[in-house]
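First the structure, in the form of structure tokens, and then the observations on it.
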Amino acid sequence: MSDLATSAPTDFIRDIIDEDLRMNKHEGRVATRFPPEPNGYIHIGHAKSVCLNFGLAKQYKGTCNLRLDDTDPAGESMEYVESIIRDVHWLGFDWEDRLFYASDYFEKLYQFAIELIKKGEAYVCSLSPDEIREHRGSFTEPGKESPYRNRSVEENLKLFERMRAGEFADGEHVLRAKIDMAAPNIVMRDPIIYRIKREPHYRTGDRWIIYPMYDFAHCLSDALERITHSICTLEFENNRPLYDWIVERLIPANRPKQIEFARLSVSYTVLSKRRLIELVQKNYVNGWDDPRMPTVSAMRRRGYTPEAIRNFCAEIGVAKNDNLIDVALLEHCVRDDLNERSPRAMSVLRPLRVVIDNYPENQVEDFDSANHPQKPEMGTRKVPFSRVLYIERDDFMEDPPKKYNRLGPGREVRLRNAYIIKYESMLKDEKTGEVKEIHCTYDPATRNAPPADGRKVQGVIHWISAAHAVPAEVRLYDRLFTIEDPGSVEDCLQYLNPNSLEILTTCYVEQNLKNVKPGSQYQFERLGYFCADEKDTREGKPVFNRIVALRDTWTKIAGKG
RNA sequence: UGGGGCGUCGUCAAGCGGUAAGACACAGGAUUUUGGUUCCUGCAUUCGGAGGUUCGAAUCCUCCCGCCCCAGCCA
């Protein structure tokens, strides 16, 4: 397994923290937080932030809080909160008793706003949304000051109180920080810090009708939690001056510092929350945990392990460059982890009947098969062998090319963990010409042993005894999008992959998998890693999701997808 | 266009004035009862470009070029 995940990473954030520690800021304390808004499930991009924030806390023997940044009631819900709690835990991180909600700070934030008004640094503005936008100016032109900018402190206090009391309609007034309408940074042109919004909040119900804006709530929440390093993504860089402006005015000491890093992008996948919500709501996928989704719960259901995801986050690093990580790296991390831990099993996804003509009619032999070729400590299992078998339809070709290492007319192959068999004849469907059945003979002397004459066979294939086969349903998941960077496209939905889900209903797995434990991963030899679905289980017919295919050089040679 | 940020291999990413780590991907080869794993080998004379400073520059300076973010009462 990769040892990079355990080696201490170096990055610019750690440099900043080291420097702060050297200057003895915050009494040598390091406190971070992971602050998602509960308006959707967290995805692999959030996982990067989770690993970063909790990883930093661990490395510096500090703390990392989980904070739900729920300052806009629209779209937020307890279901999302619960999914976030579950997913961060599953990723392997613990915030102990430090679970916080921005909504728990509403009263304190309101008091902070009053303090700002009293300092003469915030005012109630009664411009309409359109007027506010017009007054804001543009990139090239400075904004114009609001006619309400110079209301007296008393009037502002009274108006703000009445805003809270519900005396005004939504949008009638807002509270604004009094900064500089001519600031080159548009964020600083008297930003709105409170708005009236009559929308029930999933936690505070209708107790509040005014809600603080992100810029006001976030930095103060950080301060209230005594966060030392507030790590967020690059698009908030423009907001940092405002973060500092607010904190400098309201927090006397131990002010938190905002540090930005580049958000994650992964090829062939979309991580925009807006897009993911759309995929779910318009039923392009079957919910947030559809195994094709890039969400943490989908990856769990698909069979990814938390270790694989953490290793991935360690491998990609943290920097400020815009990036597009090759999804192959994610898949590599998944294989790398699963290769170590997954027991092997045989299965046949697209069955083709094989009859061993010279094998006794009613005989059954149990082969002891290793659960892991490199790990004897993982033990063995019995795999029954009999006269009629299923092999993978792909593993027989009537007219094979030279590089094909499997069964064909005149060829001999090893049945994995069993005998060498030799092709004798085939039966075809008279109408379609499709091969229906292969007849072979076996060499009894090759039971788990090389042939005495030292001859080489064409290859090794997997198989299942027909009489002992357990029917299963197998789902092959492929990437959801067909283009490398769907995230950069306005309408990425037109690039949805129509073949992203293939359901195979006539599969067979080993009898050992009859009562497979939901959520457990196996390597189906020569096929890939599969996971028993944790949700969709059926009596006697297990359902497997393909986590990821094995690295397969033959598909490259043959040019198959 | 004003402001903010970023440009090192196909993709990420170290590097912080002393002569380009590592990972993925890719290409060869060895071992293999998984076309898996493992193991070797190869893969940036050059760091967006051009000048300059220096004995010495990816690292410092100047100019230029390219990409990303900001004009929600979203976060």
Side-chain angles (χ1 to χ4, degrees), chain A residues 2 4 7 9-11 15 35-37 39 69 71-72 74-75 125 128-129 132-134 136-143 170-176 183-189 192-197 210-211 213-215 217-218 232-241 260 262 267 273-274 314-333 335-336 339-340 344 346 369-370 372-374 403-406 413-418 420 446 448-450 457 459-462 484 488 523-528 550-558:
Chain A
S2 164
L4 278 140
S7 64
T10 62
D11 55 59
D15 290 346
E37 184 188 12
N39 66 347
D69 204 2
T71 57
D72 179 1
C125 179
S128 72
I132 286 181
R133 181 164 24 81
E134 285 156 17
R136 194 147 34 217
S138 70
F139 291 147
T140 46
E141 305 151 325
D170 289 11
E172 206 174 327
H173 306 283
V174 290
L175 185 68
R176 296 230 249 167
N185 180 357
I186 291 178
V187 171
M188 299 299 273
R189 318 243 258 231
I192 293 166
I193 57 178
Y194 262 92
R195 75 285 210 178
I196 303 172
K197 196 164 194 165
I210 57 170
Y211 293 97
M213 298 287 289
Y214 165 85
D215 286 305
H218 200 96
C232 64
T233 43
L234 240 30
E235 64 271 26
F236 291 103
E237 230 158 5
N238 295 324
N239 302 51
R240 190 171 65 227
E260 311 85 8
S267 60
K273 192 113 66 130
R274 210 209 122 240
E315 291 281 321
I316 58 179
V318 179
K320 298 185 77 162
N321 304 338
D322 291 329
N323 59 74
L324 182 62
I325 308 287
D326 193 337
V327 70
L329 178 57
L330 213 207
E331 291 172 348
H332 165 263
C333 291
R335 286 191 195 99
D336 191 40
N339 176 47
E340 296 287 322
R344 315 286 124 135
M346 286 199 285
S369 303
H372 189 118
Q374 280 83 34
K403 285 184 174 176
Y404 187 78
N405 274 344
R406 311 176 219 176
V413 293
R414 158 79 61 185
L415 292 176
R416 175 106 171 114
N417 296 125
I420 288 174
T446 57
N448 264 325
V457 296
V460 181
I461 65 172
H462 56 273
E484 189 169 32
S488 69
Q523 187 198 85
F524 289 171
E525 284 178 296
R526 308 208 315 130
L527 296 174
L550 247 35
R551 181 174 171 273
D552 183 354
T553 52
W554 167 249
T555 57
K556 280 175 202 155
I557 295 165

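Each chain gets a letter, A, B and so on, in the order its sequence line appears, and its residues count up from 1.
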Review point. Counting just side-chain N and O atoms, does A:Arg551 come under 4.0 Å of either OP1 or OP2 of B:rG36?
Key: yes
Point to revise | Spacing of the P atoms in B:rC67 and B:rC43 (rounded, Å) | key: 33 Å
**Study point:** With sequence neighbours excluded, residues passing side chain to side chain donor-acceptor pair (under 3.5 Å) with A:Arg133
**Key:** A:Asp130
Review point. Can you tell me how far P of B:rG22 sits from CG of A:Leu329, to the nearest Å?
Key: 17 Å
Check your understanding: Is the base of B:rG36 touched by the side chain of A:Arg335 through a donor-acceptor pair closer than 3.5 angstrom?
Key -> no
Revision key, fill the gap. Scoring nucleotides 67-75 of chain B by protein non-hydrogen atoms under 4.0 Å (B base, S sugar-phosphate only, - none) yields -SBBBSBSB
Point to revise | Identified pairing partner of B:rA30, criterion: Watson-Crick or G-U wobble below 3.5 Å | key: B:rU38
Check your understanding: Residues two or more places apart in sequence or in another chain: which of them pass salt bridge (Lys or Arg N to Asp or Glu O under 4.0 Å) with A:Glu484?
Key -> none
Exercise for review: Pick the P atom in B:rC60 and in B:rA14, then give their distance to the nearest Å.
Suggested key: 16 Å
Exercise for review: Check ring-ring contact (aromatic ring centres under 6.0 Å, His included) between A:His218 and all other residues, then give those that pass, not counting sequence neighbours.
Suggested key: A:Tyr214
Check your understanding: Taking the side chain from A:Arg344 and the backbone from A:Ser369, do they hold a donor-acceptor pair closer than 3.5 Å?
Key -> no
Check your understanding: Which part of the nucleic acid, if any, lies within reach of A:Val318 when heavy atoms closer than 4.0 Å are counted: base, sugar-phosphate only, or nothing?
Key -> sugar-phosphate
Review point. Hey, is A:Lys320 close enough to A:Glu237 for a salt bridge, meaning N to O under 4.0 Å?
Key: yes
Check your understanding: For A:His372, which residues count as a ring-ring contact (aromatic ring centres under 6.0 Å, His included) partner, sequence neighbours excluded?
Key -> none
Practice item. Output yes when a side-chain donor or acceptor of A:Asn185 lies under 3.5 Å from a complementary backbone atom of A:Asn238, and no otherwise. Key: yes
Point to revise | Spacing between A:Asn323 atom CG and B:rU8 atom P, to the nearest angstrom | key: 12 Å
Point to revise | salt bridge (Lys or Arg N to Asp or Glu O under 4.0 Å) partners for A:Arg526, two or more places apart | key: A:Asp395
Point to revise | Side-chain donor/acceptor contact of A:Gln374 with base of B:rG36 under 3.5 Å | key: yes
Point to revise | Presence of A:His462 side-chain N/O under 4.0 Å of B:rU34 phosphate oxygens OP1/OP2 | key: no
Point to revise | N-glycosidic conformation, B:rG72 - syn within 90 degrees of 0, else anti | key: syn
Check your understanding: What distance, rounded to whole Å, do you find between the two C1' atoms, one in B:rG22 and one in B:rC9?
Key -> 13 Å
Practice item. Tell me the partner of B:rC24, counting only Watson-Crick (N1-N3 plus N6-O4 or O6-N4) or G-U wobble (N1-O2 and O6-N3) with both under 3.5 Å; none if nothing fits. Key: B:rG10
Check your understanding: Rounded to whole angstrom units, what separation is found between the CD atom of A:Glu237 and the C1' atom of B:rG5?
Key -> 5 Å
Review point. Below 4.0 angstrom from OP1 or OP2 of B:rU37, is there any side-chain N or O of A:Asn339?
Key: no
Check your understanding: Using purine N1 to pyrimidine N3 plus N6-O4 or O6-N4 for Watson-Crick, or N1-O2 and O6-N3 for G-U wobble, each under 3.5 Å, what pairs with B:rA57?
Key -> none
**Study point:** Nearest-neighbour nucleotide for the A:Ala319 side chain, B:rA13, B:rU11, B:rG2 considered
**Key:** B:rA13
Review point. For RNA chain B, whose closest nucleotide is more 5', that of A:Lys320 or that of A:Arg344?
Key: A:Lys320
**Study point:** Rounded interatomic separation in angstrom, taking CD from A:Glu315 and P from B:rA14
**Key:** 13 Å
Exercise for review: Round to a whole Å and report the spacing from CD1 of A:Ile461 to P of B:rG36.
Suggested key: 16 Å
Review point. A:Asn321: what forms a side chain to side chain donor-acceptor pair (under 3.5 Å) with it, not counting sequence neighbours?
Key: none
Identify the pairs formed between an N or O of the protein and an N or O of nucleotides 30-33 of chain B at a distance under 3.5 Å, and give each distance.
{"unit_1": "B:rU33", "atom_1": "O3'", "unit_2": "A:Arg416", "atom_2": "NH1", "d": "3.4"}
{"unit_1": "B:rU33", "atom_1": "O2'", "unit_2": "A:Arg416", "atom_2": "NH1", "d": "2.5"}
{"unit_1": "B:rU33", "atom_1": "O2", "unit_2": "A:Asn417", "atom_2": "N", "d": "2.8"}
{"unit_1": "B:rU33", "atom_1": "N3", "unit_2": "A:Arg414", "atom_2": "NH1", "d": "3.4"}
{"unit_1": "B:rU33", "atom_1": "N3", "unit_2": "A:Asn448", "atom_2": "OD1", "d": "3.4"}
{"unit_1": "B:rU33", "atom_1": "O4", "unit_2": "A:Arg414", "atom_2": "NH1", "d": "2.8"}
{"unit_1": "B:rU33", "atom_1": "O4", "unit_2": "A:Asn448", "atom_2": "N", "d": "2.9"}
{"unit_1": "B:rU33", "atom_1": "O4", "unit_2": "A:Asn448", "atom_2": "O", "d": "3.4"}
{"unit_1": "B:rU33", "atom_1": "O4", "unit_2": "A:Asn448", "atom_2": "OD1", "d": "3.2"}
{"unit_1": "B:rU33", "atom_1": "O4", "unit_2": "A:Ala449", "atom_2": "N", "d": "2.8"}

Exercise for review: Using Watson-Crick or G-U wobble geometry with both distances below 3.5 Å, tell me the partner of B:rC67, or none.
Suggested key: B:rG5
Review point. Any sub-3.5 Å donor-acceptor pair from A:Arg189's side-chain atoms to A:Ala183's backbone N or O?
Key: yes
**Study point:** Integer angstrom distance from the P of B:rC6 to that of B:rA75
**Key:** 26 Å
Practice item. For B:rU45, give its Watson-Crick or G-U wobble partner with both distances under 3.5 Å, or none. Key: none
**Study point:** All side chain to side chain donor-acceptor pair (under 3.5 Å) counterparts of A:Thr553, not counting sequence neighbours
**Key:** none
Exercise for review: Classify the nucleic acid contact of A:Gln523 as base, sugar-phosphate or nothing, counting any heavy atom under 4.0 Å across all strands shown.
Suggested key: base
Practice item. Could you tell me the separation between the NE2 atom of A:His372 and the P atom of B:rU37, rounded to a whole number of Å? Key: 11 Å
